[in-house]
Amino acid sequence: MPNIAMREALRQAMVEEMRRDPTVFLMGEEVAQYDGAYKVSQGMLEEFGPDRVVDTPIAENGFAGLGVGAAMAGMRPIIEFMTFNFSLVAFDQVINSAAKVYQMSGGQYACPIVFRGANGHAENLAAQHSTSVDSLYAHFPGLKVVSPATPYDAKGLLKSAIRDNNPVIFLESELMYGWKGEVPAEEYLIPIGKADLKRDGDDLTLISWGKPVHHCLKAAEELAKEGISAQVLDLRSLRPLDHDAIFNAVAKTHRVVVVQEGHLFAGVAAEISARIMESCFDLLDAPVVRVTNRDVPQPYATNLEKLVVIDPARVVEAAHRVMGRA
Amino acid sequence: MPDLPVPPPLPESPLPPLDKAGLLTLWEKMLLIRRVEEMAAKAYTERKILGFCHLYIGQESVAVGAAAACRPEDRWVTGYREHGQAIAKGVSPRAMMAELFGKATGTTKGLGGSMHIFDKSVHFMGGYGIVGAQCALGTGVAWSLKHLKTDAVCLCWFGDGAANQGAFFEAMCLAQLYKLPIVFVCENNFYAMGTAIDRQSALTDMSLRGLGVGMVREQFEGFDVEQVRQRMSAAIEYARAGNGPVILEVVTYRHRGHSMSDPAKYRKPGELEEKKKSDPVHLTEARLRDLGAGDAELEAIRDRVEIAAKDAYEFADASPIPDPADLYNYTYAPSGS
């Protein structure tokens, strides 16, 4: 099986879908001539031409709204935010237009659009280029929110997102674009809303999505050396959320750590722990523990940045707490 | 300093002027909008219509003149003062009134209400409640109309208040850059909610905003429905021919407050009375009489409109409320493969 980088898996998904459906187009800043700020769309202009791989001015609210209108009128736009930090400029169009128009129009106008781009922190980018938007977008009914952790999942989920008749927020990561993984040559789709058990285990479950899944896998290795068997559940989608997978994991291990990039307050990790508490409190042997970024805007200096972001050691520490070994 | 590169003026309209029969049709439509909205105002005071209700009374010639210049397949995207535009575009007064009443038979099954009238069957693509945001949506609609190789044009409506929003400016930048088939129609009704035009913008002809992106522009008075039809047609056919977008400012005036809860105390003394002299419904009636329309002919139309407006009210009143079992059925569109 070919071993390819995340950016290539994402590109394969877009290219295959654009070959399959002439109404799909990619639009965003630097996606065409520049080949994408992170080279995700490299070579696509050459194959599809400037009507389908479209450079925009720096006008996120404008081109996000353009995408929504184009989706309502019969096309399937993929809108790339160079990073999701800039999507905050377009928040109105994503929330007030894309997420709501199907309902407000009484089901007359669907909005089949993908908003994709880099989410969360990279390295030394400071406060305004390091935001994790997972919890912001997951808050709103009408949106689907997807956050893959591997090239395999990224490709299969992006293809499903492009075919979906609803707006999909597709969260990638600058740090992960170069990470490699096995991706089959033949076509496949991964359904939105299905979690994936990335590592099996008996003593506790580490629940995560996106980049921190890898911290969880490393933490599970460390824990195994201590004789603690941790399983890693990758949610892959936040909306819809795979409740069954979460509750089955609680029923099996009775101890849970939720690992979420971004801030602690009112985050998706809080939502997951509340749902576990509401639905399967009696199955828990310990309170759910959350691991998130520290509750400050991202600092620039390397030493401070490392204090803020999640690493495997913090996941291990949280695992010790739910195991009663802290 | 170099001269500002001024885009060419809008060409003359390709349409011949309307005859009496044609003008009667437009007058009837204007009258229908007025009477339906007066009925809505009554229903609002009866608490049969709730929430926000922004009336279009005084501006009817703009929507009706525009509709007379459009083809049925042209798309309209607009703001929340859209009852008049909806009826002009062909939305049934019954379904629209039922929507205002929050009924299952409404245009959006009671989900949208006054600010979100949609009717796909006549390509009325929505009233939107975030001022200016619809300009970007309309630009996207025009994107698809162009790239799906249709001949249709998008008419994108907004008010003078929206012309200060960034979304409007970004939409103009994109529409001009990509040469999209869209006509931006700014209805300048002199007030952004309660703030008079000269208190909210240093430049009070909003079509001049188009010059900054090189867009063909024009400002004209919108009280005469024939004048609106002619200038709209010039703009729409210019865009349809692939020349790119146009921005129009249509000078109009709203007779009612911003919404039903606004007594409009911000108007100058005597201003409303003065403006009512150019009431578009009355102006067109006078023009029809000049063209030889008699009392009997006009009364017959008035009677027909009265029946239609009452029928809309009664239909809405008698309609069932939405089924609670439907609540979760419109959050996500069904997806196939």
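Hydrogens, waters and symmetry mates are skipped; everything else that's a heavy atom, side chains included, is used. So that the names make sense, note that chain A is the first sequence line, chain B the second, and so on, each numbered from 1. What you see is a predicted model; the values in this text were computed from it and never measured.
- Annotation for A:A73 and B:V141: closest pair CB-CA, 3.9 Å, computed over non-hydrogen atoms.
- Between B:F118 and A:M72, the shortest heavy-atom distance links the atoms CE2-CE, 4.3 Å.
- Of the residues considered (A:P191, A:A110, A:P141), A:P141 shows the highest number of contacts with chain B, using heavy-atom pairs under 4.5 Å.
- Only the side chain of A:F25 has a heavy atom closer than 4.5 Å to any heavy atom of chain B.
- Using a 4.5 Å cut-off between heavy atoms, A:R239 touches chain B through its side chain atoms alone.
- With a 4.5 Å cut-off on non-hydrogen atoms, A:K144 touches chain B through its backbone and its side chain both.
- Most heavy-atom pairs under 4.5 Å with chain B: of the set A:V68, A:V54, A:T23, this distinction falls to A:V54.
- With a 4.5 angstrom heavy-atom cutoff, A:D92 touches chain B only via side-chain atoms.
- Contact detail for A:Q108 and B:T107: the closest heavy-atom pair is NE2-O, 3.1 Å.
- Residues A:N165 and B:P334 have side chains not in contact (no heavy-atom distance under 4.5 Å, counting atoms from C-beta outward).
- With A:Q93 contributing its side chain and B:A133 its backbone, the two residues share a donor-acceptor pair below 3.5 Å.
- The residue among B:M125, B:H147, B:Q134 with the most heavy atom pairs within less than 4.5 Å of chain A is B:M125.
- Only the side chain of A:N96 comes within less than 4.5 Å of a heavy atom in chain B; its backbone stays farther off.
- The parts of A:T56 that come within reach of chain B are both its backbone and its side chain, each placing non-hydrogen atoms under 4.5 angstrom from that chain.
- Chain B forms the most heavy-atom pairs under 4.5 Å with one residue out of A:P22, A:A99, A:G62, and that residue is A:G62.
- Distance alone, capped at 3.5 Å, is enough to place a donor-acceptor pair between the B:S144 side chain and the A:A70 backbone.
- The closest side-chain heavy-atom distance from B:Y128 to A:V101 is below 4.5 Å.
- For chain B, the nearby parts of A:S105 are the backbone and the side chain; heavy atoms of each come within less than 4.5 Å.
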